[in-house]
Structures are given as structure tokens and as C-alpha cells.
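Working notes, beginning with the structure itself.
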Amino acid sequence: MTGMSQSDRVAVVSSRWHGDIVGHAVDTFCREVDAHPRFAVDRFEVPGAFEIPLRVQRLARSGIYAAIAACAFIVDGGIYRHEFVAHTVLDALMRIQLDEETPVFSAVLTPHAFHEHYEHRMFFSTHFVVKGQELAQALLQVCAADAEHAEPAVS
């Protein structure tokens, strides 16, 4: 990405947990954004959804990225409070976006019910393709609006 300005780069941070499903959103997101001539995508992975906000915050503070996307699949495994994790991650992403003034987009999803069987895995794999498209479109629209309404540089 040599020669690109900071506003030409976007990042996507994804969880490795259920990576086979989450990867559908990440791959689709990257294809959609890469098809846009202005942007290049840097990919980052973290172990789980809980680690996403810190990575997003560090990327936002770097000043390198015009926008950052996050992808994860938080499911009820029957032991831990998945609602707590989902709520914590989404609240942190919103706080980072507001504090750092870098747009942050989320495909951090928590299904009502998920079971480790073929039908659910196929349904959510397909669903994450759609979410990757929606994530890319939202990011591209906001970046276009930001570019259109950018304040002129003071000399």
C-alpha cells in the first residue's frame, strides 16, 4: 500500500472464534471494499470478540485508517453470559468511534439461537456473506459523505 494516503486505508478486525463463519463476512467485506478504487483493506485477527475493541482503539489512534470494521459471532454456549460480551463489545466500539472520531462499523452479531449443527452453520455462513456486503456498503457510504463534507485544510 505504498503511496496511499491515510484516507485510502480501512481496517477490518475479526474474531477467530467461529472463524469459519465470521470469515464469510470478512472476505465479502474485503471484496466489496477492494472493488472500490479509493480503498485498500488491512486485515487483523484477534482470538475472540472481547479482544476486538482494544485492537480497534489502537488502530483508530494510529491515525492511519479512514474507517474500521469489526466482525464477530457471539453465541450462547450455555456456560457464559454471551449477552454480557455482546453488550460490552458493542458499547466499547461505539465509545471508541465517538472518542477517536474514526468511523467504526460492526458486524458483531449475537443470534437468538445457535446450535453446532449443519443447518445453523450453513444459515449463519450465508447470513455473514450478506452482513459483509452491508458492512462494506455502510463504510463506503460514510467515507464518501465524510470526503464530501471534509473541512478544507487551513494553510
Minimum-distance pair of heavy atoms, taken over all atoms of Pro103 and Asp146: CG-OD2, 3.7 Å

Asp99 and Arg61 ion-paired at < 4.0 Å: no

Between OH on residue Tyr65 and CD on residue Glu100, distance to nearest 0.5 Å: 14.5 Å

OG-CZ distance between Ser62 and Arg9, expressed to the nearest 0.5 angstrom: 8.0 Å

Least distance between heavy atoms, Ala49 atom then Val89 atom: O-CG2, 3.4 Å

Nearest heavy atoms of Ala70 and Leu93, plus distance in Å: CB-CD1, 4.0 Å

Distance (rounded to the nearest 0.5 Å) between Glu134 CD and Phe29 CZ: 13.0 Å

Flag if over 12 foreign heavy atoms under 6.0 Å of CZ, Arg43: yes

Side chain to side chain, Arg55 and Ile52, heavy atoms closer than 4.5 Å: no

Stepwise side chain to side chain contact (heavy atoms under 4.5 Å, CB included) test for Gln57 and Arg95: CA-CA 9 Å; Gln57 183 177 51; Arg95 182 179 43 79; 4.1 Å; yes

Val46 to Val13 - nearest heavy-atom pair and separation: CG1-CG1, 4.2 Å

Distance (rounded to the nearest 0.5 Å) between Phe39 CZ and Cys143 SG: 4.0 Å

Heavy-atom donor-acceptor pair, Glu45 side chain to Arg16 backbone, under 3.5 Å: no

For the student: nearest non-hydrogen atoms of Ile96 and Pro53, plus distance: CD1-O, 3.1 Å

Contact summary for Ala67 and Phe105, nearest pair of heavy atoms: CB-CE1, 3.9 Å

Cluster overlap Val142 with Val12, hydrophobic side-chain contacts below 4.5 Å: yes

Any side-chain heavy-atom pair of Leu59 and Ile64 under 4.5 Å: no

Reported NZ-to-OG1 distance for the pair Lys131 and Thr28, which is rounded to 0.5 angstrom: 12.5 Å

Donor-acceptor contact present, side-chain Glu51 to main-chain Gly48, <3.5 Å: yes

Side-chain heavy-atom pair Met94, Val104 within 4.5 angstrom cut-off: no

